[in-house]
K.L.:
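Dumping the structure here so I can ask a few things about it.
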There are 2 protein chains.
Amino acid sequence: MEKRVDIRHIGNLIRIARKMAGLSQMELAEKLGISYQQVQKYEKGLSEISLSRLSQIAHALNTPINRFISDDEKMMVSESMSLYGILSDDEIELLRFFRKIKNKKLKAEFLMVMKNISELSEKGLSKKAKS
Amino acid sequence: MEKRVDIRHIGNLIRIARKMAGLSQMELAEKLGISYQQVQKYEKGLSEISLSRLSQIAHALNTPINRFISDDEKMMVSESMSLYGILSDDEIELLRFFRKIKNKKLKAEFLMVMKNISELSEKGLSKKAKS
DNA sequence: CTATTTTTACTACTTTTAGTTGTATTTGTC
DNA sequence: GACAAATACAACTAAAAGTAGTAAAAATAG
């Protein structure tokens with residue numbers, strides 16, 4: 001019977017959730033009471049994850065366990081993000097910081113700045129940015 | 001760390017789902033490509049169940065996988081990070097702009113600014129910048 | 001830029017357990 | 001009663017979880 005869950009995909013989700021929580025592999029491993037190398041295997045999809053373990057992980061990361069298993073792809077967030085879920089490290093950090101900012105006005109302004117910069121960047125100004 | 005999923009409970013759910021589907025342990029085992037004795041272990045809670053396996057079982061029994069795990073009602077929330085998968089419109093925009101910026105250095109610097117701001121924001125001065 | 005520490009990656013090894021096989025009960029129905 | 005099924009339990013083997021050691025990136029400091 002075919003495998004109906006992509007273990008590597010789940011690994012990615014775990015990694016993203018971990019980084020969003022601002023934890024290192026080591027810190028997560030400690031919470032789980034296992035070696036960080038084993039956490040690596042989970043994230044890289046080199047080791048199967050039992051339900052108990054996934055439950056622990058979800059708890060350690062303050063994330064509902066469903067986040068990792070909902071097999072239908074209604075996880076698609078928006079078309080603007082091509083490959084759903086696959087965020088780069090930078091992007092994860094960006095989001096993490098952005099979420100820390102509580103002041104709405106500040107967030108909005110920040111977004112505007114970002115927008116303007118990105119538009120400039122689009123016009124081929126990317127070379128001469130440096131001194 | 002404590003186990004947050006009752007493996008025996010899941011076993012019961014599997015057994016029930018199996019009977020609902022009108023299958024014997026043997027028949028289910030065959031579908032899974034394992035021995036029926038192993039199915040017994042699942043049902044009795046004597047063997048951990050991996051995600052892949054549970055996914056197979058759910059499929060074999062025409063049951064959504066969530067049926068076996070979701071019931072943990074009020075798991076979460078720690079508002080800060082909890083819903084990483086669901087991005088707000090703001091966040092999607094933020095990402096979109098961020099991705100437009102090609103200059104790596106610029107991106108990195110932008111991230112730093114964001115980080116510093118968020119750290120300030122964290123220290124509870126979200127309302128009024130210090131004078 | 002260099003040194004140092006932290007974080008992550010890869011490989012080899014050990015231990016645990018998933019999974020198998022064999023046999024014994026149980027639960028039918030004829 | 002006999003006879004098949006479905007389920008239970010124990011001992012064993014194969015496979016994978018988990019560990020440990022080392023190396024390479026990334027951050028962070030100096």
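Letters A, B, ... are given to chains in the order of the sequence lines, protein chains preceding strands, and every chain is numbered from 1. Note that the structure is predicted; figures quoted are calculated from it, not measured.
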K.L.:
In this structure, how many angstroms lie between the C1' atom of D:dA27 and the CE atom of A:Met26, rounded?
P.N.:
15 Å
K.L.:
Using a distance-only criterion (donor-acceptor N/O pair, under 3.5 Å, no hydrogens), is the base of D:dA8 paired with the side chain of B:Gln40?
P.N.:
yes
K.L.:
Grab the two heavy atoms, one from B:Leu32 and one from B:Arg53, that are nearest each other, plus how far apart they are.
P.N.:
O-NH1, 3.8 Å
K.L.:
Round to a whole Å and report the spacing from CD of A:Glu43 to P of C:dT7.
P.N.:
14 Å
K.L.:
Nearest 0.5 Å, what's the CD1-CD distance between A:Ile10 and A:Glu48?
P.N.:
8.0 Å
K.L.:
Which part of the nucleic acid, if any, lies within reach of B:Leu23 when heavy atoms closer than 4.0 Å are counted: base, sugar-phosphate only, or nothing?
P.N.:
nothing
K.L.:
I'd like to know if the side chain of B:Glu27 and the backbone of B:Ser24 have a donor-acceptor N/O pair within less than 3.5 Å.
P.N.:
yes
K.L.:
To the nearest Å, give me how far apart NZ (A:Lys41) and C1' (C:dC13) are.
P.N.:
10 Å
K.L.:
Is any side-chain nitrogen or oxygen of B:Arg18 closer than 4.0 Å to OP1 or OP2 of D:dA6?
P.N.:
no
K.L.:
Closest approach of A:Met114 and B:Phe110, non-hydrogen atoms and distance?
P.N.:
CE-CE2, 3.0 Å
K.L.:
How many Å lie between CG on B:Leu46 and P on C:dT16, as a whole number?
P.N.:
18 Å
K.L.:
Just the atom pairs and distances: protein N or O near nucleotides 21-30 of chain C's N or O, under 3.5 Å.
P.N.:
unit_1: C:dG22; atom_1: O6; unit_2: B:Gln37; atom_2: NE2; d: 3.0

K.L.:
Find the distance A:Tyr42:OH to C:dT8:P and express it as a whole number of Å.
P.N.:
17 Å
K.L.:
Between A:Lys44 and C:dA9, does any side-chain N or O lie under 4.0 Å from OP1 or OP2?
P.N.:
yes
K.L.:
Atom CD1 of A:Ile34 to atom P of D:dA20: distance rounded to whole Å?
P.N.:
12 Å
K.L.:
Rounded to whole Å, please give me the gap between CE in B:Met112 and C1' in D:dT28.
P.N.:
11 Å
K.L.:
Could you give me the CA-CA distance, side-chain angles and deciding distance for A:Lys44 and A:Arg15, then say whether side-chain contact (heavy atoms from CB on, under 4.5 Å) is met?
P.N.:
CA-CA 9 Å; A:Lys44 292 247 163 188; A:Arg15 165 161 302 193; 4.2 Å; yes
K.L.:
Is the phosphate of C:dT17 approached by B:Arg53 (side-chain N or O, under 4.0 Å from OP1 or OP2)?
P.N.:
no
K.L.:
Working to the nearest 0.5 angstrom, can you tell me the gap between A:Phe98 CZ and B:Phe98 CZ?
P.N.:
12.5 Å
K.L.:
How many whole angstroms separate atom CG of B:Leu51 from atom C1' of D:dA17?
P.N.:
14 Å
K.L.:
CG/B:Leu51 to CD1/B:Ile65 distance, rounded to the nearest 0.5 angstrom?
P.N.:
6.5 Å
